Amino acid sequence: QVDLMESGGGSVPAGGSLRLSCADSGYTYSTNCMGWFRQLPGKQREGVAAIHTGGGSTYYADSVKGRFTISQDSAKNTVYLQMDSLKPEDTAMYYCGADRGFCRRTMEGGMAPFTYWGQGTQVTVSS
């Protein structure tokens, strides 16, 4: 059982920062890939960042490299997404996700959708 609880969304002006948290209260945390997708209404979910909680390897979408940082606190079974220099185009619903095993990629090299999902948290960046 994987049970993901998200927190930390909100509204900020452009250039501001937010930190999202995702706590896994379910399955074996150390073997999971965890991360975030984001989605605008009517659009497909876009992979943002992922971390393998066992080895610590990370992945970032090109659109967020240098601005977002994914990290983990293994003692709390929690993964964080620090979002700095936010832009209006970062506005979306952000969904935490997790998989057992290694982080999977699509044929195009992006993040493959997770098996388990949190409830989502809204991030709004005003111009």
Side-chain angles (χ1 to χ4, degrees):
Q1 181 72 23
V2 176
D3 188 10
L4 303 176
M5 292 296 296
E6 301 177 36
S7 61
S11 297
V12 294
S17 297
L18 284 171
R19 189 177 80 157
L20 306 183
S21 300
C22 179
D24 174 11
S25 60
Y27 195 67
T28 310
Y29 175 80
S30 64
T31 62
N32 280 346
C33 175
M34 295 180 71
W36 274 267
F37 277 67
R38 63 188 181 187
Q39 187 173 27
L40 287 169
K43 299 258 180 110
Q44 279 193 317
R45 287 188 185 184
E46 171 194 19
V48 175
I51 185 168
H52 187 265
T53 58
S57 59
T58 58
Y59 166 88
Y60 296 96
D62 287 343
S63 58
V64 306
K65 279 181 183 175
R67 300 188 299 120
F68 291 11
T69 304
I70 190 168
S71 61
Q72 61 173 320
D73 183 339
S74 57
K76 297 181 179 178
N77 287 3
T78 299
V79 172
Y80 304 99
L81 186 66
Q82 178 67 39
M83 304 186 294
D84 298 318
S85 302
L86 281 161
K87 303 175 181 180
E89 51 264 44
D90 294 318
T91 295
M93 183 71 79
Y94 283 69
Y95 294 91
C96 175
D99 264 321
R100 296 166 185 167
F102 294 100
C103 295
R104 296 175 298 115
R105 297 285 187 90
T106 64
M107 292 289 288
E108 295 78 19
M111 289 170 56
F114 293 113
T115 302
Y116 305 98
W117 295 98
Q119 78 281 5
T121 186
Q122 179 67 37
V123 171
T124 302
V125 185
S126 57
S127 57

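Below, all heavy atoms of this structure are taken into account, side chains as well, without hydrogens, waters or symmetry copies. Just so it is clear, the structure is predicted and the values come from calculations on it, not from any experiment. Numbers here simply count residues along the sequence, with the first being 1.
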query = What do the steps show when you test Met5 against Cys22 for side-chain contact (heavy atoms from CB on, under 4.5 Å), and what is the final call?
reply = CA-CA 5 Å; Met5 292 296 296; Cys22 179; over 6 Å; no
Worked check of side-chain contact (heavy atoms from CB on, under 4.5 Å) between Glu6 and Gln119 = CA-CA 7 Å; Glu6 301 177 36; Gln119 78 281 5; 3.8 Å; yes
request  = Apply the test side-chain contact (heavy atoms from CB on, under 4.5 Å) to residues Gln122 and Tyr94: give CA-CA distance (whole Å), side-chain angles for both, the deciding distance (0.1 Å), then the verdict.
outcome  = CA-CA 6 Å; Gln122 179 67 37; Tyr94 283 69; over 6 Å; no
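The distance from atom OG of Ser25 to atom CG of Asn77, rounded to the nearest 0.5 Å, is 8.5 Å. Going from atom NZ of Lys87 over to atom OG of Ser127 covers 14.0 Å, rounded to the nearest 0.5 Å. Interatomic distance, SG of Cys96 versus CG of Asp24, reported as 8.0 Å (0.5 Å rounding).
Listed by chain and residue number, Arg38, Glu46, Ala61 satisfy the side-chain contact (heavy atoms from CB on, under 4.5 Å) test with Ser63 (two or more places apart in sequence, or in another chain). Annotation: side-chain contact (heavy atoms from CB on, under 4.5 Å) contacts of Ser17 (sequence neighbours excluded): Gln82, Asp84. Considering only residues two or more places apart in sequence or on other chains, Tyr80 meets the side-chain hydrogen bond (donor to acceptor under 3.5 Å, both in side chains) condition with none of them. With sequence neighbours excluded, the residues forming a side-chain hydrogen bond (donor to acceptor under 3.5 Å, both in side chains) with Arg67 are Asp90, listed by chain and number. The side-chain hydrogen bond (donor to acceptor under 3.5 Å, both in side chains) search around Ser11 returns none, not counting sequence neighbours. Under the side-chain contact (heavy atoms from CB on, under 4.5 Å) criterion, Thr115 pairs with Asp99, Arg104, sequence neighbours left out. Taking the side-chain contact (heavy atoms from CB on, under 4.5 Å) definition, one finds that Lys43 meets it with Leu40, sequence neighbours left out. Among residues two or more places apart in sequence or in another chain, the side-chain hydrogen bond (donor to acceptor under 3.5 Å, both in side chains) test is passed with Gln44 by none.
Hydrophobic side-chain contacts under 4.5 Å tie Tyr59 into a cluster, directly or through other members, with Phe37, Met93, Tyr95, Met111, Phe114, Trp117.
Residue pairs meeting the salt bridge (Lys or Arg N to Asp or Glu O under 4.0 Å) criterion with at least one partner in residues 48-63, sequence neighbours excluded, are Asp62-Lys65. Sorted by first and then second residue, the pairs that involve residues 98-127 and meet disulfide (SG to SG under 2.5 Å), not counting sequence neighbours, are Cys33-Cys103. Every pair tested for disulfide (SG to SG under 2.5 Å) that includes a residue from residues 45-80 fails, sequence neighbours excluded, so the list is empty.
In this structure a side-chain-to-backbone donor-acceptor pair under 3.5 Å is missing from Thr91 to Thr124. Side-chain atoms of Thr53 come within 3.5 Å of backbone N or O of Asn32 as a donor-acceptor pair. Listed for the Thr78 side chain is a donor-acceptor partner under 3.5 Å among the backbone atoms of Lys76.
With Trp36 as the fixed residue, the side chain to side chain contact (heavy atoms under 4.5 Å, CB included) test singles out one of Leu81, Ile51, Val123, Val64: Leu81.
Across Gly56 and Gln72, no two heavy atoms sit closer than the pair CA-NE2, 4.0 Å. When every heavy atom of Thr69 is checked against every heavy atom of Tyr60, the shortest pair comes out as CA-OH, 3.4 Å.
The shortest side-chain heavy-atom distance between Val79 and Ile70 falls under the 4.5 Å cut-off.
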